[in-house]
Amino acid sequence: MSDSLLITNVRPMAGAATSILVTAGRIAAIGGGAAPSGATVIDGANAIALPGLVEAHAHLDKTLWGMGWHRHQAGPRLIDKIENERALKKTLGIDPARQSARQVVLSAAKGSTHIRSHVDVDTEIGLAGIEGVMATRARYKDMIDIEIVAFPQSGLLVRPGTVELMDRALAMGVEVVGGIDPCAIDRDPKGHVDQIFGLAQKHGRPVDIHLHEPGEMGAFSMELIIERTQALGMAGKVTVSHAFCLGTPDRDLVDPLIDALAKWRIAIMTTGPASRSAPPVKRLVERGVVLCAGSDGIRDTWSPYGSADMLERAMFIGLRNNLRRDDDVELALDICCRGGATVMGLRNYGLAVGCDADLALVDAESLTEAAVAHPPRRLVVKRGRVVARGGKPLVAAP
Ligand SMILES: [Zn+2]
C-alpha cells in the first residue's frame, strides 16, 4: 500500500486551486507531481488549505469535557478559582489521562496539529497530571504533537515542595518551565523569577509564564522577566502568557515593555480575552513581537466557555482588537498558526514542499471568512494521515 496522498482542487492559503501531493508524511509537491500508483486521492472541493492550527496554550489535564455539565459557583478572585479547582479535582474525579485524551481528539477534529499544554504541578496532585498527559501524548502521537509545560498553578514558593516537583517533572522530559504571577500569587517576585529561570538553566529548557497581573504590577513582573531573559542569554526562549498589563492604556508604561519584548524576542500568548485588558496584537506585531494564541482552559472549573477551535480563536482575537480589514483578520489567523509554530520552535512547519504534511481544509472563500465563520474542518491531516473528516475525528475519544 502506498503512503502517498493526493489532495486535488484545494487552495493553499486561499490562493489559486491546485493539488497537494503528500509522500511519507511530507508535502512532496504543490501543483504538478503525478500521484504514485496506489496513492489515496481526495477531492478538496475547492476548500482552503491551511497549515495545521497551533493551540499554543491549553490546560489538557483539567478540562471537564464529557463529564456532564458543571455548575460554576467559584468566587470572583483568581485565588478563589485556584482553590476551588484543587478541591474539585478530588471530588469530581478529574482524570488527567482521560480528560486530556478527550480534549486532544476534539482539538484534532478542529484542525489543530500541535498543542502546548500547561499541566498542573502542585503538592496535592504531585506529578499525576504530568503522567496523565504524557500517557495521552504517547497514545495519540500519530494524531497530534503535544508539548508540556510544568505549571505551578497553586504557586511555587508559597507551597514548599513545588520547586522540587517541577525539577522532577523536567527530569521526566517535560519540555517547558512554567510560572505564574510572581507578585500576586507567590508574593515574592524576585524569588519566583529566580526559581523558574534557575530550573530553565539547569535543564536547558524554555520558559512560559502566566502573567495575569494588571497595570504597574504586571509591568514590574514583566521587567524582571525581561532582565532574566537578557542576563541568561535566553532571547527567543521565553513566552509570557496573557500579559494583561500590556493592555493598559498608559503608553509610557507599555511602549518600553513592547520594545524590550521585541529586542529580547520574548513572545506573547493571547486568548483575545473579552473580559480583561489584552495585549494590542497589531501594535505588538508591528513592533516585531512574536505572538501566539491559545484557548486556555476549556470547559473546566474556571469557566464554562471554550471549544478548542483555533479558527474561532482567531475571530475572538479579531473582535477583541477591533480588527475589521481582511489583512488585519489574516494577522489574527496567522497568530493561530505560524505564530504558535514559531513559539514552539516547530521545524518543517508550513505549506511548502518539504514541510510536514499537517493540514486543515476549510470550506470558505477567503482566510477572513474561514476565521469569522470557522465552519467544520472538511479534512484534517497529520503527517500525511487523515485524522478527521467533515468535522468528525476518525479516532474515538475515551
Ligand atoms: Zn492558562
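Just so you know, ligand 1 is whichever comes first in the structure, and atom 1 is the first atom listed for that ligand. As a basis for the values below, the full set of heavy atoms in this structure was taken, side chains included, without hydrogen atoms, waters or symmetry mates.
- A donor-acceptor contact shorter than 3.5 Å links the side chain of Glu55 to the backbone of Ser295.
- Draw a line from the Zn ion (ligand 1) to NE2 of His57 and another to NE2 of His59, and the angle between them is 100° (to 10°).
- In terms of hydrophobic clustering, with Ile, Leu, Val, Met, Phe, Trp and Tyr side chains grouped at heavy-atom distances under 4.5 Å, Leu224 and Met222 are assigned to a common cluster.
- Taking the Zn ion (ligand 1) as reference, Asp296 places its N/O/S atom OD1 nearest.
- Crowding of Glu124 atom CD: a count of heavy atoms from other residues, nucleotides or ligands under 6.0 Å exceeding 12.
- Taking backbone and side-chain atoms together, His210 has an N/O/S atom less than 2.8 Å away from the Zn ion (ligand 1).
- Using a 30° and 60° split on the angle between ring planes, Phe244 and His212 fall in the tilted class, from 30° to 60°.
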